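Not measured: the values here are computed from a predicted model. Here is how names work: the chains are called A, B, and so on, in the same order as the sequence lines, proteins then strands, and each is numbered from 1.
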Amino acid sequence: MNNKDISDILFAVAEYFTMFDEPFKARAYEKVAESLSSFDNDIRKIYKDGGRKSLEEISGIGKGIAQTIEEYIQTGRVRELESMRKKMPVNMEELRSIEGVGPKAIKTLYKKLKIKDVATLKKAALAGKIQKLENFGVKSEQKILKGIEFFESSRGRFLLGEALPIARRIADDLRNVSGVSRVEIAGSIRRWCETSGDIDILVEASNADAVMSTFTKREDVAHIIAHGETKSSVRLKDGIDVDVRVVAKKSFGAALIYFTGSKDHNVLLRSLAIKKKLKLNEYGLYNGARIIAGATEEGVYKSLGISIPPPELREGKNELKKVFTKLIGFQDLRGDFQTQTDWTDGVDSIEAMVRTAKQLGHEYIAITDHTKSLAMTGGSDEKKLRRQMREIDVLNKKISGIQILKGAEVNIMRDGTLDISDEVLGELDIVGAAVHSHFNLSESEQTERIMRAMSNPHIDILFHPTGRVLKKRDPYALDIDKIVAHAVATGTVLEIDAHPWRLDLKDDHIKRGVDAGAMFSIDTDAHSLAELSYLEYGIGQARRAGLSKNRVLNTLALPALQKFLATPKQKRHLL
DNA sequence: GCCGTTTTCGGCCCGACTGTTTTCAGTCG
């Protein structure tokens, strides 16, 4: 049981309260659930050390919620939730993942049509039963069907941001098994693909038995799919499948190539081997019966006469023929240009965000809270922005070793104008612009709108350019090549939003930018301290696109960055 | 259910958008 489990339970309670028309209780639970999901300290430990009282010291937690958390920690259950579930036994998590279906809709759907999950929802929608319900119509029925389509196409695949932490946890545990000398995460995760179907882990060990039994007996295993001498598969309680294989040292490199993939890459490699009258499999590269390489990846590629491609580029395209430009490295970024704080919809204070960024080794961090037309976030108007600038001045004096840049995530209005005056934008160090509404404009309208915003001399970066949310919302209709060309023409930097739900721009779009000569930034879009470590997801996407360090703004040291920002937009360049 | 330099009771971030309606409920962020 960790913070996420507790957070999930509180979310569930909140959802039910919403259904039972208790909006304020719901909001109270929701708030705590949100803050716990990115809370740095272990709640269970806080409770064990200081009891219920210490829970109540956390902002947002009072007597009631402290009791709920206590009950859950002690018994693993929450009676109130169970009794509400009895009244309305629906698969809330599944139904809520359909866009446009909220708690109230779920309530009506259950009461009128006994809809419990996506399967029964789909049946009812296809039968035209939903459009007849009060407050529903033909359009809402169609919207639900579209949502189900989306749900089905992305089911079974996990976001990189979900799969990678799980894979690392398992890999770390396996490293502690005696006799284990090496553990690597392979598969699509190693290639930094934005989603993964499963987790592949490769182990080099003298004692395969111990590895297999430790792995299959994990607490987070829901059931064992296979348990063999060198290979086991399990399904975790999270729903994701994990394969672990144990291989001998002399085959580790060949196995790592094989299990890293992609499938298409392996096909290319094997046909290359055949051309050279060799044979490649997961145990090694063979000349007849004699093994000529296998212990290391380098050795196998070298014996095939090619240089080793970074895992991110092993997609079965032209990676065997290509000479690789040096990709941006995971340690190359010196700062972050998109972060939100508790001034708007972030969780943590500016000071806390800055101190954490400093711990991460950043030389600078831009504070980019939302602006006024995003009222739901408490977005800043000109006055509030100026107040924030004064606070940043104070903090810059107080905190040494990192520069805080005054910024904003300015909202792009329907017509492409901005919701903050040019005068105030001019006072900021760095400004990002982003779309948060009117997602349904035609491609040409949407493209024109964004290009107009990019033409503003104060807009340094276009934030999350296509607006997608993985597994949830498609990107808005956009002519990406026009946007890229306009970025180059105006000197606007294109963001690679590293937030694991966004990864926006995506790899293919980054590639188009690379080809067109655009400049990029890689930012976390962090709304809490924990999210400040998301940069690696963006770097992974950048590497998949072949992006090199010298095209990325936040690889610059602070003085060079300041010089860049002091240059008029049109004249800016990185190379 | 939580909280207090506008309150220990009475509010609770709130505006846009959609699709349903004919003045509004639900969802989203």
Side-chain angles (χ1 to χ4, degrees), chain A residues 9-36 52 55-71 78 80-81 84 92 95-111 130-147 340-347 369-381 384 409 411-415 419 434-441 463-464 467-469 472-474 476 497 499 501-502 504 525 527-528:
Chain A
I9 283 286
L10 298 182
F11 262 125
V13 174
E15 300 267 331
Y16 273 101
F17 274 135
T18 309
M19 289 208 308
F20 292 114
D21 293 311
E22 295 271 15
F24 299 116
K25 283 189 188 181
R27 185 67 195 128
Y29 271 88
E30 201 181 309
K31 258 169 80 175
V32 177
E34 266 167 24
S35 68
L36 282 197
R52 211 193 298 169
L55 293 179
E56 287 179 39
E57 279 164 26
I58 298 167
S59 165
I61 301 182
K63 265 200 161 61
I65 294 182
Q67 236 169 47
T68 305
I69 295 175
E70 177 177 54
E71 186 191 357
V78 174
E80 187 161 25
L81 178 63
M84 290 192 291
M92 180 83 80
L95 287 170
R96 285 290 278 121
S97 71
I98 306 292
E99 211 195 344
V101 176
K104 295 297 173 78
I106 293 173
K107 186 179 178 181
T108 311
L109 291 167
Y110 177 74
K111 287 214 153 153
I130 289 172
Q131 55 174 285
K132 293 184 186 126
L133 296 175
E134 203 176 341
N135 286 325
F136 288 81
V138 177
K139 282 197 173 169
S140 31
E141 190 171 81
Q142 275 164 358
K143 195 178 173 192
I144 284 173
L145 279 170
K146 206 170 163 238
Q340 279 74 228
T341 71
D342 60 6
W343 281 64
T344 58
D345 64 347
V347 180
D369 277 300
H370 289 287
T371 52
K372 62 188 173 197
S373 50
L374 243 64
M376 68 256 183
T377 67
S380 302
D381 56 11
K384 187 170 169 185
E409 179 177 3
N411 196 41
I412 301 175
M413 309 303 281
R414 191 185 203 278
D415 61 358
D419 67 342
V435 163
H436 297 98
S437 61
H438 299 100
F439 298 135
N440 290 327
L441 300 184
F463 282 167
H464 48 75
R468 72 170 181 168
V469 179
K472 193 113 192 194
R473 189 172 75 207
D474 281 327
Y476 27 79
D497 189 314
H499 199 291
W501 292 346
R502 288 190 180 270
D504 178 12
D525 201 351
H527 285 65
S528 66

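Atom pair L95(A):CG and dT27(B):P shows a separation of 12 Å (rounding to whole Å applied). With rounding to whole Å, E30(A) atom CD is found 13 Å from dG1(B) atom C1'. Remark: P of dC14(B) and NE2 of H436(A) are 19 Å apart, rounded to the nearest angstrom. When the P atom of dC13(B) is taken as reference, atom CH2 of W343(A) falls 19 Å away, rounded to whole Å. In this structure, K63(A) atom NZ and dC3(B) atom C1' are separated by 14 Å, rounded to whole Å. When the C1' atom of dT27(B) is taken as reference, atom CZ of F439(A) falls 13 Å away, rounded to whole Å. Atom CD1 in I61(A) sits roughly 9 Å away from atom P in dC3(B) (whole-Å rounding). Between the CG atom of N411(A) and the P atom of dC17(B) there is a distance of 10 Å, given to the nearest Å.
Under the salt bridge (charged side-chain N to carboxylate O under 4.0 Å, His left out) criterion, K146(A) pairs with no residue at all, not counting sequence neighbours. S140(A) meets the side-chain hydrogen bond (donor to acceptor under 3.5 Å, both in side chains) test with no other residue; sequence neighbours excluded. In this view, D504(A) and T466(A) satisfy the side-chain hydrogen bond (donor to acceptor under 3.5 Å, both in side chains) rule, not counting sequence neighbours. Residues passing the side-chain hydrogen bond (donor to acceptor under 3.5 Å, both in side chains) test with R52(A) are E70(A), sequence neighbours excluded. Scored by the side-chain hydrogen bond (donor to acceptor under 3.5 Å, both in side chains) test, Q340(A) finds T368(A), D525(A), H527(A) as partners (sequence neighbours excluded). The salt bridge (charged side-chain N to carboxylate O under 4.0 Å, His left out) check on E409(A) picks up nothing, with sequence neighbours excluded.
Put simply, the side chain of P103(A) reaches to within 4.5 Å of the side chain of R96(A), judged on heavy atoms. Residues T108(A) and N135(A) fail the side-chain proximity criterion, which asks for heavy atoms closer than 4.5 Å. Counting only heavy atoms from C-beta outward, the side chains of I144(A) and I130(A) approach each other to under 4.5 Å. Taking 4.5 Å as the limit, every side-chain heavy atom of H438(A) sits out of range of all side-chain heavy atoms of Y476(A). Contact check for I106(A) versus M19(A): side-chain heavy atoms found under the 4.5 Å cut-off.
For DNA chain B, the residues of residues 64-71 of chain A within the heavy-atom distance limit of 4.0 Å (strictly under) are G64(A), I65(A), sorted by number. In the region residues 11-19 of chain A, proximity to DNA chain B at under 4.0 angstrom, judged on heavy atoms, holds for none of the residues.
The separation of dC14(B) from dT6(B), taken at their P atoms, amounts to 15 Å, rounded to a whole angstrom. Distance noted for atom C1' between dG4(B) and dT8(B): 8 Å (whole Å). Taking atom P in both dG26(B) and dT22(B), one finds a spacing of 15 Å when rounded to whole Å. Of the C1' atoms belonging to dA25(B) and dT20(B), the separation is 8 Å, rounded to the nearest Å. dC2(B) and dC13(B) have their P atoms separated by 15 Å, given to the nearest Å. Rounded to whole Å, the P atom of dT21(B) lies 30 Å from the corresponding atom of dC12(B). Rounded to whole Å, the P atom of dA16(B) lies 24 Å from the corresponding atom of dG11(B). Spacing of C1' atoms, dT23(B) relative to dG19(B), comes out at 14 Å, to the nearest Å.
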Test H436(A) against H370(A) for ring pair (Phe, Tyr, Trp, His ring centres under 6.0 Å), laying out the working first. CA-CA 10 Å; H436(A) 297 98; H370(A) 289 287; 5.2 Å; yes
Show the numbers, then the answer: is there a side chain to side chain donor-acceptor pair (under 3.5 Å) between D369(A) and T341(A)? CA-CA 6 Å; D369(A) 277 300; T341(A) 71; 2.7 Å; yes
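Sorted by first and then second residue, the side chain to side chain donor-acceptor pair (under 3.5 Å) pairs involving residues 16-28 of chain A (not counting sequence neighbours) are D21(A)-K104(A), D21(A)-K107(A), R27(A)-E30(A).
Within the 4.0 angstrom heavy-atom criterion, no nucleotide atom of any strand lies near K31(A). Among the atoms of the strands shown, only primed sugar atoms or phosphate atoms (P, OP1, OP2) are found under 4.0 Å from some heavy atom of R96(A).
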Protein N or O to nucleotides 4-11 of chain B N or O, pairs below 3.5 Å:
none

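Of the nucleotides present, dT27(B) is the one that pairs with dA16(B) by Watson-Crick or G-U wobble criteria, both distances under 3.5 Å.
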Would you mind writing out the side-chain donor-acceptor pairs for residues 55-69 of chain A within the sub-3.5 Å range, not counting sequence neighbours?
unit_1 : atom_1 : unit_2 : atom_2 : d
T68(A) : OG1    : Y29(A) : OH     : 2.8
T68(A) : OG1    : G64(A) : O      : 3.1

Reading nucleotides 18-26 of chain B 5' to 3', which nucleotides get B (base under 4.0 Å from a protein heavy atom), which S (sugar-phosphate only), which -? -SS-----S
